[in-house]
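Here's the structure, in C-alpha coordinates; my notes come after.
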2 protein chains.
Amino acid sequence: MLKNLPRYECLLEASKEFPDLDPSATEVFLHLLRTGDEAFRVVETHLASHDITQGGFGVLMALWGRCRGNQPGRDALSPAALAEHTGVTRATMTGLVDTLERDGLVRRHPDPADRRMVTVELTREGESLLERILPEHFRQMAWLMAPLTETERKTFVGLLAKLLQRAADPAEAPLATASTP
Amino acid sequence: MLKNLPRYECLLEASKEFPDLDPSATEVFLHLLRTGDEAFRVVETHLASHDITQGGFGVLMALWGRCRGNQPGRDALSPAALAEHTGVTRATMTGLVDTLERDGLVRRHPDPADRRMVTVELTREGESLLERILPEHFRQMAWLMAPLTETERKTFVGLLAKLLQRAADPAEAPLATASTP
DNA sequence: CCTTCATCGTTAGCCTCCTAATTATCCGCG
DNA sequence: CGCGGATAATTAGGAGGCTAACGATGAAGG
(Lines give C-alpha, C1' and ligand atoms only; values in the text may rest on other atoms or scores of the structure.)
Protein backbone atom coordinates (compact mmCIF):
# COMPACT_ATOMS: atom_id res chain seq x y z
CA MET A 1 0.00 0.00 0.00
CA LEU A 2 2.45 2.57 1.14
CA LYS A 3 5.16 2.88 -1.41
CA ASN A 4 7.61 5.09 0.43
CA LEU A 5 8.60 3.68 3.74
CA PRO A 6 9.62 6.61 5.91
CA ARG A 7 13.24 6.56 6.83
CA TYR A 8 14.16 5.86 10.38
CA GLU A 9 15.61 9.25 11.28
CA CYS A 10 12.38 10.73 10.11
CA LEU A 11 10.39 8.56 12.45
CA LEU A 12 12.62 9.52 15.33
CA GLU A 13 12.07 13.17 14.62
CA ALA A 14 8.33 12.79 14.36
CA SER A 15 8.24 10.91 17.64
CA LYS A 16 9.35 14.05 19.44
CA GLU A 17 6.12 15.69 18.42
CA PHE A 18 3.88 12.72 19.04
CA PRO A 19 4.42 10.97 22.33
CA ASP A 20 2.28 8.06 21.12
CA LEU A 21 4.54 7.32 18.20
CA ASP A 22 6.75 4.31 18.78
CA PRO A 23 9.36 4.44 16.02
CA SER A 24 10.34 0.80 15.96
CA ALA A 25 6.72 -0.34 16.14
CA THR A 26 5.83 1.91 13.25
CA GLU A 27 8.76 0.67 11.27
CA VAL A 28 7.77 -2.94 11.76
CA PHE A 29 4.19 -2.16 10.93
CA LEU A 30 4.99 -0.39 7.70
CA HIS A 31 7.40 -3.08 6.60
CA LEU A 32 4.86 -5.76 7.36
CA LEU A 33 2.12 -4.11 5.33
CA ARG A 34 4.40 -3.29 2.48
CA THR A 35 5.94 -6.75 2.26
CA GLY A 36 2.62 -8.50 2.56
CA ASP A 37 1.23 -6.34 -0.18
CA GLU A 38 4.17 -6.94 -2.45
CA ALA A 39 4.05 -10.69 -1.90
CA PHE A 40 0.36 -10.59 -2.61
CA ARG A 41 1.01 -8.79 -5.86
CA VAL A 42 3.49 -11.41 -7.01
CA VAL A 43 1.00 -14.24 -6.91
CA GLU A 44 -1.81 -12.00 -8.05
CA THR A 45 0.12 -11.23 -11.20
CA HIS A 46 0.58 -14.91 -11.86
CA LEU A 47 -3.07 -15.69 -11.29
CA ALA A 48 -4.09 -12.81 -13.51
CA SER A 49 -2.19 -14.40 -16.39
CA HIS A 50 -4.69 -17.25 -16.10
CA ASP A 51 -7.61 -14.81 -15.96
CA ILE A 52 -8.41 -15.54 -12.37
CA THR A 53 -8.41 -13.25 -9.37
CA GLN A 54 -7.18 -13.93 -5.86
CA GLY A 55 -10.74 -14.08 -4.65
CA GLY A 56 -11.71 -16.59 -7.29
CA PHE A 57 -8.61 -18.64 -6.66
CA GLY A 58 -9.44 -18.79 -2.98
CA VAL A 59 -12.86 -20.19 -3.77
CA LEU A 60 -11.44 -22.76 -6.15
CA MET A 61 -8.90 -23.84 -3.56
CA ALA A 62 -11.55 -24.13 -0.87
CA LEU A 63 -13.60 -26.29 -3.18
CA TRP A 64 -10.72 -28.43 -4.29
CA GLY A 65 -10.85 -30.98 -1.49
CA ARG A 66 -9.83 -29.18 1.66
CA CYS A 67 -6.49 -30.63 2.56
CA ARG A 68 -6.56 -32.50 -0.71
CA GLY A 69 -8.35 -35.78 -1.02
CA ASN A 70 -10.16 -35.39 2.24
CA GLN A 71 -13.42 -36.90 1.16
CA PRO A 72 -14.40 -39.19 -1.68
CA GLY A 73 -16.67 -37.93 -4.41
CA ARG A 74 -16.99 -34.30 -5.45
CA ASP A 75 -16.42 -31.49 -3.04
CA ALA A 76 -19.34 -29.18 -2.70
CA LEU A 77 -19.81 -26.35 -0.26
CA SER A 78 -22.49 -23.78 0.37
CA PRO A 79 -21.76 -20.13 -0.41
CA ALA A 80 -21.93 -19.42 3.32
CA ALA A 81 -19.26 -22.03 4.05
CA LEU A 82 -17.10 -20.67 1.25
CA ALA A 83 -17.47 -17.15 2.58
CA GLU A 84 -16.49 -18.27 6.03
CA HIS A 85 -13.55 -20.21 4.67
CA THR A 86 -12.14 -17.46 2.50
CA GLY A 87 -12.94 -14.61 4.84
CA VAL A 88 -15.37 -12.52 2.80
CA THR A 89 -19.01 -11.74 3.35
CA ARG A 90 -21.74 -13.89 1.87
CA ALA A 91 -22.78 -11.04 -0.37
CA THR A 92 -19.29 -10.93 -1.82
CA MET A 93 -19.33 -14.66 -2.27
CA THR A 94 -22.46 -14.40 -4.39
CA GLY A 95 -20.53 -12.15 -6.76
CA LEU A 96 -17.46 -14.35 -6.81
CA VAL A 97 -19.48 -17.47 -7.54
CA ASP A 98 -21.36 -15.54 -10.24
CA THR A 99 -18.10 -14.74 -12.00
CA LEU A 100 -16.68 -18.24 -11.60
CA GLU A 101 -19.90 -19.81 -12.81
CA ARG A 102 -20.00 -17.50 -15.81
CA ASP A 103 -16.46 -18.60 -16.64
CA GLY A 104 -17.50 -22.25 -16.33
CA LEU A 105 -15.16 -23.07 -13.47
CA VAL A 106 -17.85 -23.79 -10.95
CA ARG A 107 -21.46 -24.88 -10.86
CA ARG A 108 -24.37 -24.13 -8.55
CA HIS A 109 -26.74 -26.90 -7.49
CA PRO A 110 -29.93 -26.47 -5.53
CA ASP A 111 -30.02 -28.47 -2.32
CA PRO A 112 -32.95 -30.90 -2.49
CA ALA A 113 -33.29 -31.09 1.28
CA ASP A 114 -33.31 -27.36 2.07
CA ARG A 115 -34.54 -25.15 -0.71
CA ARG A 116 -32.89 -22.05 0.72
CA MET A 117 -29.52 -23.61 0.18
CA VAL A 118 -27.29 -24.05 -2.77
CA THR A 119 -24.12 -26.04 -3.15
CA VAL A 120 -21.21 -24.98 -5.25
CA GLU A 121 -18.89 -27.47 -6.86
CA LEU A 122 -15.91 -27.44 -9.15
CA THR A 123 -16.42 -28.28 -12.80
CA ARG A 124 -13.89 -30.38 -14.71
CA GLU A 125 -12.72 -27.18 -16.26
CA GLY A 126 -12.21 -25.55 -12.90
CA GLU A 127 -10.33 -28.53 -11.64
CA SER A 128 -8.05 -28.62 -14.63
CA LEU A 129 -7.37 -24.89 -14.40
CA LEU A 130 -6.39 -25.37 -10.79
CA GLU A 131 -4.07 -28.20 -11.63
CA ARG A 132 -2.52 -26.08 -14.34
CA ILE A 133 -2.00 -23.14 -12.02
CA LEU A 134 -0.86 -24.83 -8.85
CA PRO A 135 2.63 -26.07 -9.75
CA GLU A 136 3.68 -22.61 -10.80
CA HIS A 137 1.96 -21.09 -7.81
CA PHE A 138 3.94 -23.34 -5.49
CA ARG A 139 7.13 -22.58 -7.33
CA GLN A 140 6.49 -18.92 -6.89
CA MET A 141 6.09 -19.17 -3.15
CA ALA A 142 9.24 -21.27 -2.95
CA TRP A 143 11.11 -18.72 -5.03
CA LEU A 144 9.92 -15.87 -2.89
CA MET A 145 11.03 -17.55 0.31
CA ALA A 146 14.29 -18.85 -1.09
CA PRO A 147 16.45 -16.19 0.61
CA LEU A 148 15.32 -17.42 4.04
CA THR A 149 16.98 -20.38 5.70
CA GLU A 150 14.90 -23.03 7.37
CA THR A 151 15.78 -21.57 10.75
CA GLU A 152 14.84 -18.08 9.68
CA ARG A 153 11.51 -19.35 8.45
CA LYS A 154 10.73 -20.85 11.82
CA THR A 155 11.65 -17.61 13.55
CA PHE A 156 9.62 -15.63 11.06
CA VAL A 157 6.50 -17.71 11.43
CA GLY A 158 6.86 -17.44 15.20
CA LEU A 159 6.95 -13.66 15.06
CA LEU A 160 4.09 -13.50 12.58
CA ALA A 161 2.02 -15.78 14.75
CA LYS A 162 2.52 -13.52 17.76
CA LEU A 163 1.27 -10.53 15.81
CA LEU A 164 -1.52 -12.47 14.20
CA GLN A 165 -2.85 -13.57 17.53
CA ARG A 166 -2.94 -9.98 18.71
CA ALA A 167 -4.31 -8.48 15.50
CA ALA A 168 -7.08 -11.05 15.21
CA ASP A 169 -7.88 -10.73 18.89
CA PRO A 170 -11.54 -9.88 19.48
CA ALA A 171 -10.39 -7.75 22.44
CA GLU A 172 -9.25 -5.26 19.81
CA ALA A 173 -7.04 -2.24 20.27
CA PRO A 174 -6.96 0.08 23.26
CA LEU A 175 -9.20 2.71 21.74
CA ALA A 176 -9.75 4.53 24.99
CA THR A 177 -6.60 4.61 27.10
CA ALA A 178 -4.07 7.09 25.85
CA SER A 179 -1.58 9.77 26.65
CA THR A 180 -3.62 12.24 24.60
CA PRO A 181 -7.16 12.11 25.98
CA MET B 1 -7.28 -12.99 2.75
CA LEU B 2 -7.11 -16.67 3.47
CA LYS B 3 -8.85 -17.38 6.69
CA ASN B 4 -7.91 -20.97 7.29
CA LEU B 5 -4.20 -21.48 7.30
CA PRO B 6 -3.58 -25.07 6.30
CA ARG B 7 -2.03 -27.11 9.03
CA TYR B 8 1.51 -28.28 8.63
CA GLU B 9 0.88 -32.00 8.32
CA CYS B 10 -1.55 -31.19 5.58
CA LEU B 11 1.09 -29.27 3.68
CA LEU B 12 3.53 -32.11 4.07
CA GLU B 13 1.03 -34.53 2.66
CA ALA B 14 0.24 -32.31 -0.30
CA SER B 15 3.93 -31.87 -1.03
CA LYS B 16 4.15 -35.56 -1.88
CA GLU B 17 1.86 -34.96 -4.78
CA PHE B 18 3.39 -31.68 -5.90
CA PRO B 19 7.15 -31.70 -6.15
CA ASP B 20 7.11 -27.91 -6.46
CA LEU B 21 5.44 -27.41 -3.12
CA ASP B 22 7.84 -26.28 -0.42
CA PRO B 23 5.93 -26.72 2.84
CA SER B 24 7.86 -24.26 4.95
CA ALA B 25 7.87 -21.63 2.21
CA THR B 26 4.13 -22.01 1.83
CA GLU B 27 3.62 -21.77 5.53
CA VAL B 28 5.61 -18.55 5.78
CA PHE B 29 3.83 -17.12 2.78
CA LEU B 30 0.37 -17.81 4.14
CA HIS B 31 1.23 -16.47 7.56
CA LEU B 32 2.69 -13.34 6.03
CA LEU B 33 -0.37 -12.60 3.95
CA ARG B 34 -2.76 -13.39 6.74
CA THR B 35 -0.95 -11.32 9.33
CA GLY B 36 -0.49 -8.39 7.00
CA ASP B 37 -4.14 -8.49 6.15
CA GLU B 38 -5.20 -8.65 9.76
CA ALA B 39 -2.92 -5.77 10.75
CA PHE B 40 -4.30 -3.80 7.84
CA ARG B 41 -7.80 -4.43 9.08
CA VAL B 42 -7.01 -3.14 12.54
CA VAL B 43 -6.02 0.31 11.35
CA GLU B 44 -8.66 0.29 8.64
CA THR B 45 -11.30 -0.16 11.29
CA HIS B 46 -9.98 2.78 13.20
CA LEU B 47 -9.81 4.99 10.14
CA ALA B 48 -13.32 3.96 9.18
CA SER B 49 -14.59 5.31 12.48
CA HIS B 50 -13.42 8.72 11.24
CA ASP B 51 -15.09 8.16 7.86
CA ILE B 52 -11.85 7.90 6.01
CA THR B 53 -10.42 5.01 4.03
CA GLN B 54 -6.87 3.71 3.87
CA GLY B 55 -6.45 5.18 0.42
CA GLY B 56 -7.67 8.58 1.52
CA PHE B 57 -5.54 8.46 4.63
CA GLY B 58 -2.48 7.73 2.51
CA VAL B 59 -3.15 10.80 0.39
CA LEU B 60 -3.63 12.98 3.44
CA MET B 61 -0.40 11.69 4.93
CA ALA B 62 1.50 12.30 1.72
CA LEU B 63 0.20 15.83 1.63
CA TRP B 64 0.86 16.51 5.27
CA GLY B 65 4.45 17.66 4.92
CA ARG B 66 6.43 14.64 3.93
CA CYS B 67 8.56 13.84 6.92
CA ARG B 68 6.65 16.52 8.82
CA GLY B 69 7.69 20.11 8.62
CA ASN B 70 9.89 19.60 5.63
CA GLN B 71 9.06 22.77 3.81
CA PRO B 72 7.52 26.03 4.90
CA GLY B 73 4.14 27.08 3.57
CA ARG B 74 1.44 24.68 2.46
CA ASP B 75 2.29 21.35 0.98
CA ALA B 76 0.88 20.80 -2.43
CA LEU B 77 1.47 17.88 -4.76
CA SER B 78 0.22 16.93 -8.18
CA PRO B 79 -2.10 13.93 -8.51
CA ALA B 80 0.69 12.14 -10.38
CA ALA B 81 3.11 12.68 -7.52
CA LEU B 82 0.50 11.51 -5.04
CA ALA B 83 -0.19 8.42 -7.09
CA GLU B 84 3.50 7.62 -7.26
CA HIS B 85 3.88 8.20 -3.57
CA THR B 86 0.96 6.07 -2.44
CA GLY B 87 1.39 3.36 -5.04
CA VAL B 88 -1.84 3.63 -7.00
CA THR B 89 -2.50 4.59 -10.59
CA ARG B 90 -3.25 8.15 -11.59
CA ALA B 91 -6.77 7.14 -12.52
CA THR B 92 -7.35 5.85 -9.03
CA MET B 93 -5.89 9.03 -7.60
CA THR B 94 -8.46 11.05 -9.48
CA GLY B 95 -11.18 9.13 -7.69
CA LEU B 96 -9.52 9.42 -4.30
CA VAL B 97 -9.02 13.16 -4.66
CA ASP B 98 -12.63 13.48 -5.84
CA THR B 99 -13.86 11.86 -2.65
CA LEU B 100 -11.52 13.83 -0.40
CA GLU B 101 -12.43 17.08 -2.10
CA ARG B 102 -16.13 16.30 -1.81
CA ASP B 103 -15.58 15.74 1.90
CA GLY B 104 -13.74 19.05 2.16
CA LEU B 105 -10.44 17.58 3.30
CA VAL B 106 -8.48 18.58 0.25
CA ARG B 107 -8.58 21.21 -2.48
CA ARG B 108 -7.56 21.23 -6.14
CA HIS B 109 -5.76 24.23 -7.62
CA PRO B 110 -4.93 24.76 -11.28
CA ASP B 111 -1.24 25.27 -11.93
CA PRO B 112 -0.74 28.70 -13.53
CA ALA B 113 2.53 27.67 -15.18
CA ASP B 114 1.38 24.45 -16.83
CA ARG B 115 -2.30 24.27 -17.60
CA ARG B 116 -2.30 20.50 -17.82
CA MET B 117 -1.40 20.28 -14.19
CA VAL B 118 -3.26 20.57 -10.94
CA THR B 119 -1.97 20.75 -7.42
CA VAL B 120 -3.72 19.20 -4.46
CA GLU B 121 -3.43 20.63 -0.99
CA LEU B 122 -4.79 19.94 2.44
CA THR B 123 -7.57 22.14 3.76
CA ARG B 124 -7.67 23.24 7.40
CA GLU B 125 -10.31 20.62 7.90
CA GLY B 126 -8.15 17.93 6.42
CA GLU B 127 -5.25 18.95 8.57
CA SER B 128 -7.29 18.93 11.72
CA LEU B 129 -8.79 15.55 10.90
CA LEU B 130 -5.30 14.18 10.47
CA GLU B 131 -4.17 15.60 13.77
CA ARG B 132 -7.22 14.10 15.41
CA ILE B 133 -6.57 10.69 13.91
CA LEU B 134 -2.82 10.36 14.20
CA PRO B 135 -2.30 9.96 17.94
CA GLU B 136 -4.67 7.05 18.08
CA HIS B 137 -3.22 5.65 14.90
CA PHE B 138 0.24 5.64 16.44
CA ARG B 139 -1.06 4.12 19.62
CA GLN B 140 -2.63 1.35 17.64
CA MET B 141 0.60 0.45 15.90
CA ALA B 142 2.42 0.49 19.23
CA TRP B 143 -0.24 -1.73 20.77
CA LEU B 144 -0.05 -4.16 17.89
CA MET B 145 3.71 -4.51 18.17
CA ALA B 146 3.81 -4.57 21.93
CA PRO B 147 4.37 -8.34 22.18
CA LEU B 148 7.65 -8.00 20.30
CA THR B 149 10.86 -7.04 22.08
CA GLU B 150 13.15 -4.48 20.56
CA THR B 151 15.50 -7.27 19.45
CA GLU B 152 12.68 -9.22 17.87
CA ARG B 153 11.61 -6.13 15.99
CA LYS B 154 15.04 -5.72 14.49
CA THR B 155 15.10 -9.36 13.44
CA PHE B 156 11.61 -9.09 12.05
CA VAL B 157 12.33 -6.02 9.97
CA GLY B 158 15.47 -7.70 8.66
CA LEU B 159 13.51 -10.73 7.50
CA LEU B 160 10.76 -8.60 5.99
CA ALA B 161 13.31 -6.50 4.15
CA LYS B 162 14.85 -9.60 2.60
CA LEU B 163 11.51 -10.72 1.27
CA LEU B 164 10.54 -7.23 0.22
CA GLN B 165 13.64 -6.87 -1.85
CA ARG B 166 12.88 -10.08 -3.64
CA ALA B 167 9.15 -9.49 -4.05
CA ALA B 168 9.62 -5.99 -5.39
CA ASP B 169 12.44 -7.14 -7.64
CA PRO B 170 11.79 -6.24 -11.27
CA ALA B 171 13.48 -9.53 -12.20
CA GLU B 172 10.24 -11.16 -11.02
CA ALA B 173 9.58 -14.81 -10.40
CA PRO B 174 11.01 -17.76 -12.30
CA LEU B 175 8.02 -18.21 -14.55
CA ALA B 176 9.77 -20.54 -16.94
CA THR B 177 12.14 -22.91 -15.16
CA ALA B 178 10.40 -25.69 -13.34
CA SER B 179 10.27 -29.33 -12.52
CA THR B 180 6.91 -29.58 -14.30
CA PRO B 181 7.49 -28.22 -17.81
C1' DC C 1 5.07 27.78 -37.97
C1' DC C 2 3.35 23.40 -37.48
C1' DT C 3 3.68 18.61 -36.77
C1' DT C 4 4.83 15.04 -33.74
C1' DC C 5 5.41 13.13 -29.45
C1' DA C 6 5.28 12.95 -24.41
C1' DT C 7 2.74 13.95 -20.35
C1' DC C 8 -1.06 15.45 -17.42
C1' DG C 9 -5.62 14.64 -15.59
C1' DT C 10 -9.77 12.61 -16.43
C1' DT C 11 -13.39 9.36 -18.21
C1' DA C 12 -15.41 4.77 -19.13
C1' DG C 13 -16.02 0.12 -17.99
C1' DC C 14 -14.95 -3.71 -15.18
C1' DC C 15 -14.02 -6.37 -10.81
C1' DT C 16 -13.81 -6.99 -5.83
C1' DC C 17 -15.37 -5.80 -1.51
C1' DC C 18 -18.42 -3.81 1.86
C1' DT C 19 -23.14 -2.84 4.49
C1' DA C 20 -28.00 -2.98 4.53
C1' DA C 21 -32.19 -4.46 2.88
C1' DT C 22 -34.95 -8.09 0.47
C1' DT C 23 -36.82 -12.62 -0.57
C1' DA C 24 -37.50 -17.38 0.27
C1' DT C 25 -37.46 -21.02 3.25
C1' DC C 26 -37.30 -23.72 7.42
C1' DC C 27 -38.34 -24.51 12.28
C1' DG C 28 -40.65 -24.45 16.60
C1' DC C 29 -44.40 -23.18 19.45
C1' DG C 30 -49.06 -22.26 20.61
C1' DC D 1 -52.62 -25.38 11.37
C1' DG D 2 -50.52 -20.84 11.43
C1' DC D 3 -47.46 -17.46 12.89
C1' DG D 4 -42.92 -15.39 14.38
C1' DG D 5 -38.18 -15.78 14.36
C1' DA D 6 -33.87 -17.58 12.47
C1' DT D 7 -31.17 -18.41 8.49
C1' DA D 8 -30.01 -18.97 3.30
C1' DA D 9 -28.91 -16.46 -0.74
C1' DT D 10 -29.42 -12.58 -3.24
C1' DT D 11 -30.00 -7.60 -4.64
C1' DA D 12 -29.02 -2.49 -4.26
C1' DG D 13 -25.90 0.99 -3.71
C1' DG D 14 -21.41 2.63 -2.61
C1' DA D 15 -16.20 2.82 -2.65
C1' DG D 16 -11.53 1.74 -4.18
C1' DG D 17 -8.67 -0.45 -7.48
C1' DC D 18 -7.30 -1.58 -12.29
C1' DT D 19 -6.61 -0.94 -17.65
C1' DA D 20 -7.39 1.50 -21.77
C1' DA D 21 -8.59 5.32 -24.12
C1' DC D 22 -9.33 10.30 -24.51
C1' DG D 23 -8.72 15.45 -24.62
C1' DA D 24 -5.75 19.16 -23.55
C1' DT D 25 -1.42 21.03 -23.26
C1' DG D 26 3.56 21.59 -23.53
C1' DA D 27 8.15 20.71 -25.77
C1' DA D 28 11.05 19.94 -29.55
C1' DG D 29 12.35 19.38 -34.45
C1' DG D 30 12.04 20.23 -39.22
Side-chain angles (χ1 to χ4, degrees), chain A residues 1-3 33 37-38 40-41 43-60 76-103 105-120, chain B residues 1-3 37-38 40-41 43-45 47-60 62 76-103 105-121:
Chain A
M1 219 50 185
L2 298 168
K3 202 152 197 175
L33 255 58
D37 192 56
E38 215 62 55
F40 186 83
R41 268 185 155 78
V43 313
E44 191 176 47
T45 301
H46 168 227
L47 296 179
S49 73
H50 292 275
D51 289 317
I52 189 103
T53 62
Q54 279 274 357
F57 180 69
V59 174
L60 261 38
L77 289 168
S78 68
L82 285 171
E84 165 69 20
H85 194 274
T86 60
V88 300
T89 62
R90 282 177 306 178
T92 299
M93 188 51 63
T94 296
L96 286 175
V97 172
D98 280 350
T99 303
L100 291 171
E101 191 167 37
R102 187 203 55 188
D103 294 348
L105 303 173
V106 124
R107 205 176 7 226
R108 264 187 256 240
H109 282 294
D111 184 324
D114 186 338
R115 290 208 315 236
R116 292 171 302 177
M117 299 234 274
V118 155
T119 59
V120 180
Chain B
M1 218 51 186
L2 298 167
K3 204 151 197 177
D37 192 57
E38 216 62 55
F40 186 85
R41 269 183 153 81
V43 313
E44 192 175 46
T45 301
L47 295 179
S49 74
H50 293 273
D51 288 318
I52 188 97
T53 62
Q54 279 276 357
F57 180 70
V59 174
L60 262 37
L77 289 167
S78 68
L82 285 171
E84 166 68 20
H85 194 274
T86 59
V88 301
T89 62
R90 283 176 313 178
T92 299
M93 189 50 65
T94 296
L96 286 175
V97 172
D98 280 350
T99 302
L100 291 172
E101 192 169 36
R102 187 202 56 191
D103 293 349
L105 303 174
V106 126
R107 203 175 10 225
R108 266 186 257 240
H109 281 294
D111 183 325
D114 186 338
R115 292 209 311 239
R116 290 170 304 179
M117 298 233 275
V118 156
T119 60
V120 180
E121 71 175 26

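Each chain gets a letter, A, B and so on, in the order the sequences are listed, and its residues count up from 1. Worth saying up front: this structure is predicted, and the values here are computed from it rather than measured. Only this structure's heavy atoms are used, side chains among them; waters, hydrogens and symmetry mates stay out.
The side chain of B:Val88 lies closest to D:dC18 when the candidates are D:dC18, D:dT10, C:dC8. Among the nucleotides C:dA6, C:dT11, C:dT16, the one closest to the side chain of B:Ala91 is C:dT11.
The side chain of A:Thr94 places an N or O atom within less than 4.0 Å of a non-bridging phosphate oxygen (OP1 or OP2) of D:dT10. Taking 4.0 angstrom as the limit, A:Arg108 places a side-chain polar atom (N or O) nearer than this to OP1 or OP2 of D:dT10. The shortest distance between the side-chain N/O atoms of A:Thr92 and the OP1/OP2 oxygens of C:dC18 is below 4.0 Å.
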**Request:** Could you walk me through whether B:Val88 and B:Leu82 pass the side-chain contact (heavy atoms from CB on, under 4.5 Å) test, one step at a time?
**Result:** CA-CA 8 Å; B:Val88 301; B:Leu82 285 171; over 6 Å; no
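Protein atom CE of A:Met117 is 13 Å distant from nucleotide atom P of D:dT10, rounded to whole Å. The CG atom of A:Asp111 sits 14 Å away from the C1' atom of D:dT7 (whole-angstrom rounding). Per the geometry, CG belonging to A:Leu100 stands 16 Å off C1' belonging to D:dA9, to the nearest Å. If you take CG of A:Leu96 and P of D:dA9, they are 14 Å apart, rounded to a whole angstrom. Atom CD in B:Glu44 sits about 15 Å away from atom P in D:dA15, given to the nearest Å.
Both A:Arg102 and A:Asp114 lie near DNA chain C, and the one whose nearest nucleotide falls closer to the 5' end is A:Arg102. The residue among A:Arg116 and A:Gly56 whose nearest nucleotide of DNA chain C is located toward the 5' end is A:Gly56. Residue A:Met93 is the one, among A:Met93 and B:Gly95, whose nearest nucleotide of DNA chain D lies closer to the 5' end (criterion: closest heavy atom).
Nucleic acid contact for A:Arg90: base, since at least one base atom lies under 4.0 Å from a heavy atom of the residue. Among the heavy atoms of the strands lying under 4.0 Å from B:Thr89 is at least one base atom, whether or not backbone atoms are also near.
Salt bridge present: A:Arg41 and A:Asp37 bring a charged side-chain N and a carboxylate O closer than 4.0 Å.
Scored by the ring-ring contact (aromatic ring centres under 6.0 Å, His included) test, B:His50 finds B:His46 as partners (sequence neighbours excluded).
The main-chain N or O of B:Arg116 is found under 3.5 Å from a side-chain atom of B:Asp114 such that the two form a donor-acceptor pair.
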